[in-house]
Each structure stands twice: as structure tokens, then as C-alpha cells.
*Asks:* 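I'd like to ask you about the structure that follows.
Values below: all heavy atoms of this structure, side chains included; hydrogens, waters and symmetry mates excluded.
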Amino acid sequence: MRSLRDSFLGQLVLGAIVVAIIVAFAIGGMQGGGGTTFGSECAARVGSSCIDPKEYTAAYGLVVSVGLNDRAVQQLDLKRQVARGLIEREVLLREAKALGISASEKAVDEDLLSGRARVSLPAEGRERLAMSLALCLDDERTCAPGTIGLRALPVLQNGVFDYARYERVVRRTTGRSPNHFKEMQIREATAERVRELITEPVRVSEEEAFLSLERTQSKAVARVLTIHRGWFQRYVRFPSEADIKSFVSTHQKEVEEATKAASARYQPGCPVVQEFALKTGGTESDEAVEKKLRSLLPRLKDASTRETLIRKESEADSAALGGRLGCLDARYGAGSEELLTAAGKLEKPGALTDVVRTPRGFHVLWLEDRVTAENAQALARAFVSYELTSRALGTEEARKFADAVIAAVSPETTLEAATEKVLGTVLSSGQLGSVALALTDESRPKTDVTAPFSIEDSPVEGVSGTESPAQLVFDMKEPGEITKTPVQLKDGFALLQLKEKEPYTREKFEKERDEILPILRRRKADQVLADHVAELIEKAGGATYDDRKRPAPRRRRSPITRARKHLWLTNSSEKN
């Protein structure tokens with residue numbers, strides 16, 4: 001692999017006399033500057049130390065000089081990354097001072113003459129970020145050792161260092177004078193020396209490497225059954241008065257706390273409503289959707305059929321609660337203005353609005369009551385009692401469903417077949433009976449097959465608690481084995497069944513050892529560095545950021561791509 005020194009300095013030989021004159025005049029003149037001058041404001045602070053906004057702007061300019069649009073800057077969180085890098089550099093410079101370490105000005109001069117500049121990146125994930133931004137030399141899958149944070153600057157003219165070009169590039173990219181830029185580079189080089197001292201002793205043994213790879217490279221594939229509580233709330237079990245009374249009596253504290261939190265919304269005049277809604281934007285025309293809803297108005301006016309109809313047909317999230325919205329206000333989101341206008345025209349409880357068009361679709365509201373100073377607390381309590389009871393019953397039914405599927409799975413019955421069998425039983429015995437809509441609902445219990453995952457991944461989303469679904473799968477011995485108890489999710493449960501497992505073997509490790517050990521060593525070193533600087537920052541008093549000191553991202557024609565070796569400029573063909 002050719003280094004920057006080889007590709008740039010090798011071309012300087014022909015211009016040695018010119019370079020000597022420039023170095024004596026230009027670079028030598030840069031040595032008179034002092035340390036960073038801090039203004040009254042800071043881009044960031046670490047303890048009592050202030051990061052100069054000009055220093056931040058210069059570092060940010062180096063980072064984004066490859067050409068980034070706003071979206072790329074936001075996705076990579078570059079403004080925060082730059083500030084964090086400078087904060088870490090500050091505590092590393094304190095370490096350098098305590099250890100009596102500093103960078104060689106001669107080495108910094110050589111780097112600048114070669115068009116090499118440094119910028120500090122956060123230790124956590126710095127290699128990945130550096131490769132994304134072409135801030136290192138690409139050594140196939142990783143950054144070449146010692147090159148993280150390097151930025152190539154186009155400062156050569158016909159293979160010779162051009163001071164006029166250098167000054168223009170520095171000012172345009174960083175907004176700093178050559179003097180201040182060199183001072184910055186001395187600080188960067190000093191901080192890099194401390195990083196090297198911290199990471200140099202790090203080693204990775206072969207056994208440690210194998211165990212790490214065995215954990216990350218062993219793969220499993222599982223069948224997953226996801227069981228959402230809300231589906232059972234809507235189609236299977238909804239609260240009776242007896243259910244609500246029983247729940248409230250055993251969960252008084254929870255109900256009181258929820259009522260207190262909800263009471264702020266129950267202001268006098270607020271309409272307490274039930275909702276029926278059909279969404280637009282699907283295969284049916286808006287006219288057809290509206291016509292369908294109007295055809296349902298007579299049944300919605302009938303209190304004896306309203307809630308059942310809402311649970312069967314409404315496409316709003318509120319259908320799981322029989323359409324109950326509680327107090328309708330601006331927190332409803334898109335469409336709240338139109339719905340509040342329509343609800344404001346309802347004079348008495350039991351009144352129904354006409355069909356209302358909102359950005360979400362077509363709606364009809366039924367007025368339960370209107371909040372007054374006297375009934376506000378009772379209405380809030382009634383809604384949260386129903387909501388909490390419904391959630392508890394939905395969770396109970398989802399757990400029963402999961403247990404029934406576990407019992408139904410056998411060598412002769414697949415997870416999918418067991419799910420469909422139990423599903424039919426549940427729907428036929430549920431409060432709505434067999435409902436076609438329930439089977440087409442996206443939230444219905446259904447099985448899927450995961451992509452290959454390691455023990456450090458999660459084959460299901462939304463896990464509640466500390467239990468590792470991946471660990472459960474890797475603990476299984478044979479394909480077809482299923483979790484003995486359901487995995488709890490934030491909104492229900494999941495069952496996992498081992499489909500196949502491919503362990504990482506010693507034989508594979510022997511083939512990859514020479515290539516992989518240096519990579520693992522660098523990753524471990526970066527983690528050691530990240531832990532060390534985090535400790536230094538904590539000892540210094542912690543870090544704070546000033547959002548106002550984050551410059552606007554530079555606008556370019558296209559977003560960043562995975563920049564590679566071609567972004568390390570050779571400059572010899574560039575013209576003024």
C-alpha cells in the first residue's frame with residue numbers, strides 16, 4: 001500500500017529548491033502564532049475549557065470538504081461528531097501536557113507540504129466514520145493504521161508545493177489563516193501521539209479473537225410468531241362493566257396516576273367522542289370510500305350496533321377501544337381541526353356528526369358528553385379505566401394465544417400450522433365471532449422467517465426487559481425447537497422456533513486468522529481509546545454543546561458516497 005508520503009513527497013524532489021525557499025518564508029512564518037484564542041462564546045465546553053468557535057468551524061470544514069448535502073450531514077450527525085472530536089482532543093492535550101508530550105513541528109511541516117491535514121474524530125466508531133468521509137487511507141475493509149482523521153488537501157502544482165494554492169485551500173476550507181491552521185495541526189498531531197500511546201499496548205490473543213468471532217459470526221435463522229396485544233383488544237376481548245370494576249379495584253394506584261395525567265386534557269367544553277373512520281389513498285376512490293361510510297350512518301346512529309360496527313369496520317387506531325377517543329383536542333394530530341369544528345356543532349350527548357373529510361380520510365363522530373368543571377374528573381377516570389382494562393385484557397388474551405400455540409407445535413405440526421389452528425379457535429369463540437377483517441388486519445398473529453442473525457442481534461423488535469431472544473435461539477439444540485415461554489414485547493409477545501444454525505468453526509478461523517487479527521486489534525484499541533477519553537471527560541467535569549455554534553452544512557450537488565482512494569488527491573494535474 002502506498003502512503004501519502006510516497007505519493008506526494010516523491011514528487012517534491014524536482015522542486016526541492018523552490019520548496020526550500022517557500023518553507024523558509026511561508027511555513028517558518030507560521031510558527032509565531034500562540035494557542036487558540038477563545039472568544040466570549042464556545043462551540044462546546046469540557047469542564048471549564050472552551051472550544052473556540054473558529055476552531056470548530058475549521059474542523060467542520062475539513063470534515064465536510066469532500067462534498068456533503070444537508071441530509072448526509074444530518075444522517076451522520078456530523079455537527080455533534082465534530083464537536084465531540086474537539087472535546088476529546090482537548091482532554092488528550094491535557095494528558096499530553098501532563099506527560100510532557102508534543103508533536104514535532106518538522107513532522108507537521110512535512111505533512112502540510114504533502115497536503116495532509118488532521119482532524120479529530122470521536123473515538124467511538126471513528127474508523128467507520130472515517131471510511132464514510134474519506135478521512136483515512138482505505139486498506140481494503142479498514143483504515144490503514146495511523147491514518148484515521150487524515151484529510152488530503154490539493155496543495156501541489158505540477159508536483160510541487162504551491163504556497164498560494166495552499167493558502168487559498170486552507171482559507172476556503174477552514175476559514176483560518178495559515179498561521180492559525182498550523183497551530184491547529186500541531187494540536188491535532190499532539191493529540192494523535194497520545195492516542196497512539198493509549199492504544200499501542202492493546203493486544204488480541206488468538207483465543208480472544210476466536211471467541212469474539214464465534215459470537216459475532218455464528219448465525220441462526222428462526223421462525224418468529226409475533227402476537228400484538230391490540231389485535232386481541234379489537235377483535236377478541238373487550239371490557240365489560242364487571243371487567244372494568246374488577247381491574248380498577250385491583251389497580252387503584254395505576255388508575256389514579258393515569259387519571260391525574262389525563263385530567264389536564266379534560267378542559268370545560270372539550271367533546272368526549274367515539275370515532276369511526278375510513279382511510280383514503282388505497283385502491284378505492286375517495287368517492288367510493290365516502291359512499292361506503294354514508295351507507296353505514298344508520299347503523300352508527302344505533303347505540304346497540306355502533307361499537308360492534310366500529311370494531312369490525314373502522315380503520316382508525318381507536319377501533320381497538322371501540323372508537324373511544326376520550327377528550328378530543330389538538331393532540332389528535334392531523335385532522336383535529338376539522339373534527340373539532342364538526343364536534344362543536346353537536347349539542348347533546350348521542351348526537352352524530354355528518355361525514356367529515358380530513359387529511360386522514362373520512363370520519364364520523366358520536367358525542368358521548370361534553371366536559372364541564374363538574375364532570376371533568378369523572379370523564380377522565382372513565383376513559384383511562386376503560387383503556388387500561390382493555391390493555392390488560394388484550395395482554396391476557398395474547399398470552400393465552402401464545403401458550404396455546406406452544407402446546408400445539410409438534411414434529412407433525414409446524415409453527416405456522418399451529419398458529420392458524422389456534423387463530424381459528426380464538427376467532428370463533430371471540431366476542432365478534434369469525435371476522436374476515438380480523439384475518440386481513442396487519443396486526444393479526446402471523447409467522448415470518450428471520451434473516452440470518454448473530455447472538456448480538458435481535459430477531460424481533462420491541463423486546464421488553466433484558467431477555468435476549470437471540471440467546472434463546474442459540475441455546476436451542478435442534479431445528480424445530482421452540483421457546484418454552486413467550487418472549488415479552490412492548491405491545492405483546494413473540495415465539496421463536498429454530499430453523500437452522502451455522503456455528504463459526506475453528507477451521508474457518510484458521511483460514512482468516514492472519515487477516516482478521518489486525519482488524520480485531522484495531523477495533524479493540526478504538527474501544528480502549530473511547531473508554532479512556534470518556535473517563536477523562538468525566539473527570540474534567542463533563543461536556544456541553546452550543547447548538548448555535550454549529551455552522552450550516554455546505555450545499556453540494558449530490559450526497560456523500562462511500563468515498564474511497566480516488567478522493568486522495570494527487571494534484572499534479574490540477575491548474576490554478
*Asks:* Quick one, Glu88 with Ile537, criterion side chain to side chain contact (heavy atoms under 4.5 Å, CB included). Give me CA distance, side-chain angles, the key distance, then yes/no.
*Replies:* CA-CA 7 Å; Glu88 293 186 5; Ile537 290 170; 4.0 Å; yes
*Asks:* Could you measure the distance from the CZ atom of Arg265 to the CZ atom of Phe383? Nearest 0.5 Å is fine.
*Replies:*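 Arg265 atom CZ to Phe383 atom CZ measures 7.5 Å (nearest 0.5 Å).
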*Asks:* Can you name the residues that form a ring-ring contact (aromatic ring centres under 6.0 Å, His included) with Phe401, not counting sequence neighbours?
*Replies:*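 Scan of Phe401 (ring-ring contact (aromatic ring centres under 6.0 Å, His included), adjacent residues dropped) gives Phe232.
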*Asks:* Can you confirm whether more than 12 heavy atoms, excluding those of Glu456, are under 6.0 Å from its CD atom?
*Replies:*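 Enclosed.
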*Asks:* Should the ring pair Tyr504 and Phe509 be called parallel, tilted or perpendicular, given that the plane angle runs from 0 to 90° and is split at 30 and 60?
*Replies:*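 Tyr504 and Phe509: perpendicular rings.
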*Asks:* What residue among Leu340, Leu339, Asp329 forms side-chain contact (heavy atoms from CB on, under 4.5 Å) with Pro271?
*Replies:*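 For Pro271, the side-chain contact (heavy atoms from CB on, under 4.5 Å) test succeeds with only one of Leu340, Leu339, Asp329, which is Leu340.
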*Asks:* Can you list the steps and then say if Arg399 with Asp403 is a salt bridge (charged side-chain N to carboxylate O under 4.0 Å, His left out)?
*Replies:* CA-CA 6 Å; Arg399 177 61 188 255; Asp403 291 339; 3.3 Å; yes
*Asks:* Looking only at heavy atoms, which two atoms of Lys490 and Val463 are closest? And how far apart?
*Replies:*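 Residues Lys490 and Val463, closest heavy atoms: CE-O, 4.1 Å.
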*Asks:* Could you list the residues that satisfy salt bridge (charged side-chain N to carboxylate O under 4.0 Å, His left out) with Glu254, not counting sequence neighbours?
*Replies:*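 Glu254 satisfies salt bridge (charged side-chain N to carboxylate O under 4.0 Å, His left out) with no other residue.
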*Asks:* Identify whether the distance between the nearest side-chain nitrogen and carboxylate oxygen of Arg84 and Glu124 falls below 4.0 Å.
*Replies:*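 Glu124 and Arg84: not salt-bridged.
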*Asks:* In plain terms, say whether Glu510 and Arg513 are close enough for a salt bridge, that is, a side-chain N and a carboxylate O under 4.0 Å apart.
*Replies:*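 Yes, charged N to carboxylate O under 4.0 Å.
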*Asks:* Please walk me through it: do Glu467 and Gln488 pass side chain to side chain contact (heavy atoms under 4.5 Å, CB included)?
*Replies:* CA-CA 9 Å; Glu467 188 174 37; Gln488 188 161 356; 5.9 Å; no
*Asks:* Out of curiosity, Ile148 CD1 to Ser120 OG, how far, rounded to the nearest 0.5 Å?
*Replies:*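 With rounding to 0.5 Å, CD1 (Ile148) is 11.5 Å from OG (Ser120).
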*Asks:* Look at Arg444 together with Glu420 and state whether they make a salt bridge at an N to O cut-off of under 4.0 Å.
*Replies:*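 Salt bridge between Arg444 and Glu420, a charged N being under 4.0 Å from a carboxylate O: yes.
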*Asks:* Report the C-alpha distance between Leu300 and Ile310 in whole Å, list the side-chain angles of each, state the deciding distance to 0.1 Å, and finish with yes or no for side chain to side chain contact (heavy atoms under 4.5 Å, CB included).
*Replies:* CA-CA 8 Å; Leu300 288 170; Ile310 289 173; 4.2 Å; yes
*Asks:* Could you walk me through whether Leu133 and Leu78 pass the side chain to side chain contact (heavy atoms under 4.5 Å, CB included) test, one step at a time?
*Replies:* CA-CA 10 Å; Leu133 297 169; Leu78 286 186; 3.8 Å; yes
*Asks:* Applying salt bridge (charged side-chain N to carboxylate O under 4.0 Å, His left out), run through Lys279 and Glu315 and close with a yes or a no.
*Replies:* CA-CA 6 Å; Lys279 296 178 182 178; Glu315 295 176 350; over 6 Å; no
*Asks:* Could you give the distance from CD (Glu481) to CG (Leu472), rounded to the nearest 0.5 Å?
*Replies:*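 Here the interatomic distance stands at 10.5 Å.
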*Asks:* Enter the distance from Thr395:OG1 to Arg229:CZ here, rounded to the nearest 0.5 Å.
*Replies:*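 With rounding to 0.5 Å, OG1 (Thr395) is 4.5 Å from CZ (Arg229).
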*Asks:* Apply salt bridge (charged side-chain N to carboxylate O under 4.0 Å, His left out) to residues Arg506 and Glu207 and explain how you reach the verdict.
*Replies:* CA-CA 10 Å; Arg506 287 278 181 182; Glu207 186 61 22; 3.0 Å; yes
*Asks:* Does anything in residues 354-366 pair up under salt bridge (charged side-chain N to carboxylate O under 4.0 Å, His left out), and if so which pairs, sequence neighbours excluded?
*Replies:*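 Counting only pairs at least two positions apart or across chains, the salt bridge (charged side-chain N to carboxylate O under 4.0 Å, His left out) contacts touching residues 354-366 are Asp286-Arg357, Arg294-Asp354.
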*Asks:* Give the ring-plane orientation class for Tyr235 versus Trp231, where under 30° counts as parallel, over 60° as perpendicular and anything between as tilted.
*Replies:*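 Rings of Tyr235 and Trp231: tilted, 30 to 60°.
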*Asks:* Could you tell me whether Arg324 and Glu307 have a side-chain N and a carboxylate O separated by less than 4.0 Å?
*Replies:*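 So Arg324 pairs with Glu307 through a salt bridge.
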*Asks:* If you round to the nearest 0.5 Å, how far is SG of Cys143 from CG of Leu137?
*Replies:*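 Between Leu137 CG and Cys143 SG, I get 8.5 Å after rounding to 0.5 Å.
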*Asks:* Hey, could you give me the CZ/CG distance between Arg306 and Leu352, rounded to the nearest 0.5 Å?
*Replies:*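 So the gap between those two atoms works out to 7.0 Å.
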*Asks:* Between Lys400 and Glu396, does any NZ, NE, NH1 or NH2 come within less than 4.0 Å of an OD or OE carboxylate oxygen?
*Replies:*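 Counted as a salt bridge, because a side-chain N and a carboxylate O are separated by less than 4.0 Å.
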*Asks:* Does Arg381 come within less than 4.0 Å of Glu256, counting only side-chain N to carboxylate O?
*Replies:*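 Counted as a salt bridge, because a side-chain N and a carboxylate O are separated by less than 4.0 Å.
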*Asks:* Could you walk me through whether Asp243 and Ser246 pass side-chain hydrogen bond (donor to acceptor under 3.5 Å, both in side chains), step by step?
*Replies:* CA-CA 5 Å; Asp243 290 327; Ser246 174; over 6 Å; no
